[in-house]
Amino acid sequence: MKEGYELIYKRPESLLQTRMHYCPGCFHSTTHKILMEVVDELGIKEKTVGVCPVGCSVFAYDYLDVDMQEAAHGRAAAVATGIKRILPDRVVFSYQGDGDLAAIGTAETLHACNRGENFTFIFINNGIYGMTGGQMAPTTLEGQKTSTSPYGRDPEKVGLPLKMCEIVSQFKRVAFVQRVSFNTPANARKAKKAIKTAFEIQMKKLGTTFIEVASNCPSQWKCTPEESLDWLTNHVFPYYPLGVFKEPPKTKE
Amino acid sequence: MKEGYELIYKRPESLLQTRMHYCPGCFHSTTHKILMEVVDELGIKEKTVGVCPVGCSVFAYDYLDVDMQEAAHGRAAAVATGIKRILPDRVVFSYQGDGDLAAIGTAETLHACNRGENFTFIFINNGIYGMTGGQMAPTTLEGQKTSTSPYGRDPEKVGLPLKMCEIVSQFKRVAFVQRVSFNTPANARKAKKAIKTAFEIQMKKLGTTFIEVASNCPSQWKCTPEESLDWLTNHVFPYYPLGVFKEPPKTKE
Amino acid sequence: MVETKLMKGNEALAEAAIRSGLQAYFGYPITPQSEVIEYLAREEPKYNYVLLQAESEVAAVNMLYGSGGAGGRVMTTTSSPGFSLMQEGISYIACAEIPCVFANIVRGGPGLGTIQPSQSDYNQATKGGGHGDYNIIVLVPNSVQEMVDHCRLAFELADKYRTPAMLLSDGAIGQMMEKVNLPEPIEYKPNKPWATTGKTPDRERNILTSLYIKSETMEEKNKILQEKYKQIIANEIRFDEYKTDDAEIIITSFGLTSRIAKKTVDIGREEGMKLGLFRPITVWPFPTKALAEIASRPQVKFFISVEMNAGQMVEDVKLAVCGQKSVHFYGRMGGIVPTPDEILDVIKEKEAGRD
Amino acid sequence: MVETKLMKGNEALAEAAIRSGLQAYFGYPITPQSEVIEYLAREEPKYNYVLLQAESEVAAVNMLYGSGGAGGRVMTTTSSPGFSLMQEGISYIACAEIPCVFANIVRGGPGLGTIQPSQSDYNQATKGGGHGDYNIIVLVPNSVQEMVDHCRLAFELADKYRTPAMLLSDGAIGQMMEKVNLPEPIEYKPNKPWATTGKTPDRERNILTSLYIKSETMEEKNKILQEKYKQIIANEIRFDEYKTDDAEIIITSFGLTSRIAKKTVDIGREEGMKLGLFRPITVWPFPTKALAEIASRPQVKFFISVEMNAGQMVEDVKLAVCGQKSVHFYGRMGGIVPTPDEILDVIKEKEAGRD
Amino acid sequence: MPQKGYVEISVEGCKGCNLCVLHCPTNCLALNTKDTNSYGLHYAYLAEEDKCIACMNCSVICPDAAITVYKKMAA
Amino acid sequence: MPQKGYVEISVEGCKGCNLCVLHCPTNCLALNTKDTNSYGLHYAYLAEEDKCIACMNCSVICPDAAITVYKKMAA
Amino acid sequence: MLQEMVFAGFGGQGVLSMGTLLAYSAMKEGKEVSWFPSYGPEMRGGTANCMVNISDELISSPIVTLFDVGVVLNLPSLKKFEPRVKKDGILIWENSIIKEPPERKDINIYGIPAIEKASKELENVKVANMILLGCLVKLINIVKKESLMTALKDTLPERHHHLIPLNKRAIDMGMKLV
Amino acid sequence: MLQEMVFAGFGGQGVLSMGTLLAYSAMKEGKEVSWFPSYGPEMRGGTANCMVNISDELISSPIVTLFDVGVVLNLPSLKKFEPRVKKDGILIWENSIIKEPPERKDINIYGIPAIEKASKELENVKVANMILLGCLVKLINIVKKESLMTALKDTLPERHHHLIPLNKRAIDMGMKLV
Ligand SMILES: Cc1ncc(C[n+]2csc(CCOP(=O)(O)OP(=O)(O)O)c2C)c(N)n1
Ligand SMILES: Cc1ncc(C[n+]2csc(CCOP(=O)(O)OP(=O)(O)O)c2C)c(N)n1
Ligand code: SF4
Ligand code: SF4
Ligand code: SF4
Ligand code: SF4
Ligand code: SF4
Ligand code: SF4
Ligand SMILES: [Mg+2]
Ligand SMILES: [Mg+2]
């Protein structure tokens, strides 16, 4: 370090040194990094337990220096429920892709939300099945081409993309819902704040907290990381607007 | 028949003579009867295919004189999807309880609705698991006692009852949603009209049609049929209001 | 102090779980075992276990994974179709080595079938209904008392070997009331350093996973599991013999039918037939050696496996007997319980037909 | 006219299904078989089959139930964890007697495991991973060509016996490209008077169900199923033999490993060892009689079952051999394919160890 | 009083739920509390014949389709 | 010109996604198109040292946490 | 000695609890017992039954097809179980509501107007089951009357304990009827 | 004769398609062939490979651990597969981007600056794979050059057919380099 300079940012402690396997520019990496920054800043590493199901992030436990359980495809919410119910004082999060949370795991997701399970969903919506090689997800946009919708998603046949933030916001015992992204530094900063807020609300036991990351998948979208940001701006955000969908009533302090 | 009198109502042709096993006063019976009246009136018996999953109505095929498939618990929507996709010109309905449609079958229900599968859901919401002896359903009311909520449903532990009409109405490709009941002759007449409308919309291929019956279960509610009507009026309808939640845009004729 | 009660098998199981230190139960109603969750729901205010009616069996098994992985003493119960839905989860649990207890109160299949008692899920339980090479410990109670005893034992074995253990019971035992002696409740103090309870500074993070993407590590993991299974086979085989010492004809039977087989032995003996009963108490691990030894005795003429299915355990009996003697089968299906008389008739027929 | 192509096993399977008159496919992506649905998605505009990516394997198997029950020629494909999730549905389909075709492109388990090829779902496929007494026809292709041939055959057998039939393949065969001869497409005309296509006045209503609430009717239904299974056992056993005529040592092996075993036979023979290969093509029904006959030949010294698992088919081999000769096992796990050399070494060891 | 309509109720088909009795606007139906059918259930019957106005409320509400309704033909 | 800040970018940790380059407000970052790291990827580096204002945009956006940021201390 | 018995009637007639009471009493006297109910949607049809076995030795199967004793409270149960009483066995039938009498000649048949007696003489139709239980115990002498009496306290939920005297009277009445 | 080969490099370097081309050509010449790719998340790490076996007889396993020939286009692949070339086998390595040369002495090693040549001389770095394939075919003579040429047409998707001449030139170039 040069003299007269101070360190103002370094890789968070809880993000292990292991090189992450994610493709260049993939927001899975960004989410991991920000998540661990939040864990470090809140000082909750000792009481954090994460759940990662199948999807590109199935190896998350190789990178995050917290206790973790790998869950079967779609069942992260059930696994997180099991953990949180028996260890109500831990901070529990599930980290799920769109195939996981909104296709095979629909029932587990919605029922956990309806019960108000007191953990945090980190929902990586990249509009595709990254892990398995680019098949259509429940959140794939209308007309978007994937390996199982090679001529573009046709809503007449497979319906419209699911807006999960909008859906889960309706459940009374869901306390906090926000859709974020990492396409600009400003949005990344908001995303970090959102995750932090979610964990804080969880620690206050106010109900389910749900963060959707409008994410990218340069590899399966078959574009560069830069182009993936354009797709986000031009196609994803118009359908999946960023913002807070629900928050607990403000209490005076 | 006395002379000078004409027959104005008799048991519908398509309701077989077999005595139904339902408990006295159970709306499962009423729904069967009305359903078959509609089938007869629309003259669609030859092209109707029904799906009944597990629940008190699992024996429905013993009573309804149409082709039917018995489905695994919760999977009626998937089975109906399979039938309707391969036989798009048939009139297909699934006949499901609240445990079936809204607990174990949540994913199949919501995805069929989101895809706009062109069949009709007949959803018998009696707020309890009738078949298995009175356990809590996802639609059991707050404070309601069941064999698995013996001290009353506690939303802090298991969440609030799910309002399925309200949830499925949001899916764009769901065309028609109405909640009906059979507690009075007037409501029963409305219910019949609703089912008829649903089938007509299905035949026009306009999307998913969804009829929720705010039903009763005298046996597991541990009350008389009459008392069950009071419970409906005093507790069920306030939480689950009757009415049309969605209908296709009216076209001029 | 032991307490004696007249209880249903399902309720006795629930009570036994509580007395064994149950910390969490997740389940979904299904006949003929819903009394387990109903009993636990009634008793809940008195204890501090977690009780949650899951939205499905798939959810239940995965909640079990989570809470078992978090170090809890946990259980779920179901019946046949529900157990089928749990197979993926069980395969995960076996590989992630999470101790937990299952009970399948079997009803007649396949499909929706009947809610009457059956033993037709034997293969599913013992050969692995889920994918991959794994085994789970399978205890087969034949009375309400054994529902209690095996429940405690299942919890202990699950912890000891970090493995799922199950009770393979049936609708008759679940629904019937019998006299039962309830053991003293224990105070359960888990000692599970591998559990995901939050990474404290004194240890590395704990990870529970079944993912071994590279062939080499996957094979390594498989070998570890297989090694464990060998240990279990070496230590945990349990069975019962009844009048086998001088027996010429051995009935093999498990669970409910073993009681009838026992009666058959008595009736047969009265008629001068030298019958004996071999009853596996664990069907995985299966008492292969013990059976093979019996088969080698000169006086033993043949075996007959009596089951409430189309012939499942009989294959394990054949594997054990390994051609030394002939092995017959008699089964009833759909919930029909065979009577001692009909079994005896079949035995006489086989006896006559021998050359 | 037969067309020759270089194709992946998964794609060949998809193409074979189309050429066999596929009317509906429902599936959910999973490695190493997603190419099946991807291929069908690409080809869809050219044909008029129904293609739907289901929300899960549970949904997929039940869509299959519906459309197969409505009379369609229908298929789904998956890999191990997905196949576990289908077990409840398969049990229902078997009991409701709905013809349909499954393929499990097996990967290494248990749990999430590895995506590398494996044969560790043998028990699940052949002993019934679902609940109740049922069987499904299990074909084990060992080449891309057989993916095609068995696909057609599976559809035919499914229709003939009103039963589910499956291909038990693996990730290697699914992912590899080989030369394949594609048969002429057929025009499929279903003749399924039992299908739920709408009750016309000329017939009673059709009901597809697996519910038989009374023990007596359930047992009746079970007997009908068991009778059918006997028929299938009588008519549909398929296997291959390679140099078994004078063989002293018989390797038993299925699917991918049977190719390696064949090579082993050749190498061994070059070294003067009298090896032979017995390859089941159907593993349910298993070629028990044929194997028993071989076991009875005086020159046969022992058997060794070579598999990519911890020892599964070997039990069926033992049941067939029934103590006549010893039966050994050699397996690799986790996706590791054994080499002819290592197999030969093991054989030599066993040979030396014999007394 | 002219009889506008009348109903026939199947004794074995009726389950005695009493819903028709409850909803008959003219109170002409009743449960037979003396007798039961073979299922042990008290069945409904047209107790006051001349009051029936053939409104079909009973047949609409009857879960088990046990009621047949007749109406006086226009003269 | 006074140097307000500077960044260190891990050569092996960088995946060359270019997102930091894109979002640096002072355009002081660039991808090294000549060289690759051991993963065959062109990595980012601080091309124009004196332009860095220590705004942390790059470190915030970098998916792989490959960037460390330093800021000139207040005198 | 093994006694295999069945109690059957409409749901609500108390057939399950009469079986429970008997089994519990026998257990308290040191006998081996088993009690097995009909369950599931079978009950929805309106009938219920339970099989009770009492023996000095371990009981093999709780489910049997032929019975030493049958106690039936409605016609469907009579039809179902009359043929399943063993030769020389006992069939007790409620004869105030069942209109068609049993027909077999090779068993011992006792018709008891328990429902009428319960509603008229004891003013509570619900204890008809106890009257019949009283008959049964008198006939086969399988448990002591005192055991039944204490069993009432142990098996009835607290909130029904005020009904114990009435139940006792019903049992007494039954014992005097045969 | 059986030839067991592996082609490995970064994703995007065309290792799968060089294997396909070779396998297809051999098949057209009447040989038995198998082609087996790496698949799944392994690819996400950035490396890809395929194993190609060509033989006169049926091929036993598409997956092998030791190879007659290895063609590697990046350092991780060199590290991974150099040890797995059979004694006296062939290792072809791209030596314009791989900086650490192979070390074994018991195999035949050919360093080819295919990437440099492709980008400089053919102005398209993508055909480096074809240069290496040219080398390979020249060295082991397993298929005829003409087969490769017609295979290009059969295996390349229509929309890439304009690149066939370039690919041919690359193959030719490769054949001249060894
Ligand atoms: C039961 C089961 N079905 C299917 C799969 C295969 N699978 C693994 S991850 C995945 C979906 C990946 O997509 P997503 O959840 O969106 O995560 P991403 O990789 O896009 O981050 C699928 C279908 C599986 N592992 N298990
Ligand atoms: C996989 C599976 N789980 C559980 C059951 C048991 N079961 C049968 S029906 C049912 C729920 C019945 O409730 P509902 O769907 O509300 O129908 P109702 O009887 O109330 O009309 C349950 C849990 C089953 N048959 N299969
Ligand atoms: S495949 Fe897509 S989601 Fe997966 S790591 Fe690559 S870019 Fe990210
Ligand atoms: S149990 Fe309830 S839902 Fe079932 S038939 Fe009886 S009243 Fe109807
Ligand atoms: S038709 Fe109307 S008036 Fe007549 S009995 Fe029925 S409800 Fe009463
Ligand atoms: S409504 Fe129908 S079932 Fe109910 S009492 Fe009237 S006639 Fe009988
Ligand atoms: S800290 Fe700011 S100015 Fe400095 S390199 Fe990063 S983005 Fe550019
Ligand atoms: S954002 Fe990070 S990974 Fe991407 S180019 Fe910059 S330093 Fe490298
Ligand atoms: Mg995704
Ligand atoms: Mg219900």
Side-chain angles (χ1 to χ4, degrees), chain A residues 13-14 16 21 36 39 44-55 57-92 94 104-115 117 119 131, chain C residues 22-26 28 48-74 76 86-93 95-96 98 100 130-131 190 193-213:
Chain A
E13 290 277 333
S14 295
L16 292 162
H21 73 289
M36 289 302 103
V39 165
I44 53 172
K45 181 163 158 169
E46 293 189 24
K47 53 179 197 168
T48 298
V49 183
V51 179
C52 59
V54 199
S57 53
V58 70
F59 303 100
Y61 51 63
D62 285 341
Y63 315 131
L64 312 183
D65 193 22
V66 295
D67 278 1
M68 289 200 78
Q69 297 193 12
E70 181 261 310
H73 187 37
R75 318 307 173 192
V79 171
T81 297
I83 299 170
K84 185 75 187 193
R85 288 259 170 167
I86 206 164
L87 297 175
D89 290 324
R90 302 307 193 279
V91 178
V92 176
S94 78
I104 189 169
T106 310
E108 287 77 8
T109 303
L110 294 191
H111 281 275
C113 287
N114 186 53
R115 288 191 302 263
E117 295 295 344
F119 65 83
M131 172 76 150
Chain C
L22 181 75
Q23 294 177 310
Y25 175 95
F26 304 94
Y28 188 76
N48 60 2
Y49 49 78
V50 171
L51 174 78
L52 186 59
Q53 178 174 329
E55 59 272 27
S56 69
E57 290 87 354
V58 171
V61 71
N62 286 289
M63 290 170 180
L64 205 68
Y65 181 107
S67 58
R73 177 157 267 197
V74 298
T76 189
M86 292 185 178
Q87 293 307 319
E88 189 207 25
I90 295 174
S91 175
Y92 273 74
I93 288 173
C95 192
I98 295 172
C100 53
H131 59 286
W194 47 262
T196 60
T197 52
K199 173 194 187 304
T200 44
D202 56 327
R203 64 162 169 85
E204 276 305 289
R205 69 193 186 286
N206 284 335
I207 296 171
L208 292 171
T209 185
S210 65
L211 174 65
Y212 297 87
I213 199 78

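Order of the sequence lines fixes the chain letters, A, B, ..., with proteins taken first and strands second; residue numbering starts at 1 for each chain. Side-chain atoms are counted along with the backbone in the values below, which use heavy atoms only and exclude waters and symmetry mates.
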Locate the shortest heavy-atom distance separating A:C52 from A:Y61; write the atom from each residue and the value.
SG-CD2, 3.7 Å
Tell me, for C:L52 versus chain A, whether the close heavy atoms (under 4.5 Å) come from the side chain, the backbone, both or neither.
side chain
Which bit of C:A60 comes within less than 4.5 Å of chain A, counting heavy atoms only: side chain, backbone, both or neither?
neither
Side chain / backbone / both / neither for A:V49 at chain C, heavy atoms under 4.5 Å
side chain
Need one label for A:R90: side chain, backbone, both or neither, based on atoms under 4.5 Å from any heavy atom in chain C.
side chain
Give the minimum heavy-atom separation between C:R203 and A:D67, together with the two atoms involved.
NH2-OD2, 2.6 Å
Heavy-atom proximity to chain C below 4.5 Å, by part of A:L16:
side chain
Heavy atoms only, distances under 4.5 angstrom: which of C:G68, C:A70, C:G89 has the most pairs with chain A? Name it, please.
C:A70
Given A:E117, which partner from the list A:T81, A:V92, A:I83 fulfils the side chain to side chain contact (heavy atoms under 4.5 Å, CB included) test?
A:T81
Max heavy-atom pairs within cutoff under 4.5 Å with chain A, candidates C:G72, C:S91, C:G198, goes to C:G198
For A:A71, which atoms come within 4.5 Å of any heavy atom of chain C: side chain, backbone, both, or neither?
backbone
So, A:K47 and A:D89, do they make that salt bridge, N to O below 4.0 Å?
no
Tell me, side chain or backbone of A:V54 under 4.5 Å from chain C's heavy atoms, or both, or neither?
side chain
Answer key: most heavy-atom pairs under 4.5 Å with chain A among C:I207, C:V74, C:T200 is C:I207
Mind checking the CG-CZ spacing from C:L51 to C:F26? Nearest 0.5 Å is all I need.
8.5 Å
Checking heavy atoms, do the side chain of A:I44, its backbone, both or neither come under 4.5 Å from chain C?
neither
Largest heavy-atom contact set with chain A, pairs under 4.5 Å, which of C:L64, C:I98, C:V58
C:V58
Between C:Y25 and C:T76, is any side-chain donor less than 3.5 angstrom from a side-chain acceptor?
no
C:E88 portion near chain A, given a 4.5 angstrom heavy-atom threshold
side chain
Do C:T196 and A:Q69 get their side chains close enough for a donor-acceptor pair, meaning under 3.5 Å?
yes
Side chain, backbone, both or neither: which part of C:V61 has a non-hydrogen atom closer than 4.5 Å to chain A?
neither
Any side-chain heavy-atom pair of A:M36 and A:L64 under 4.5 Å
yes
Got a second to check how far C:C100's SG is from C:I90's CD1, nearest 0.5 Å?
8.0 Å
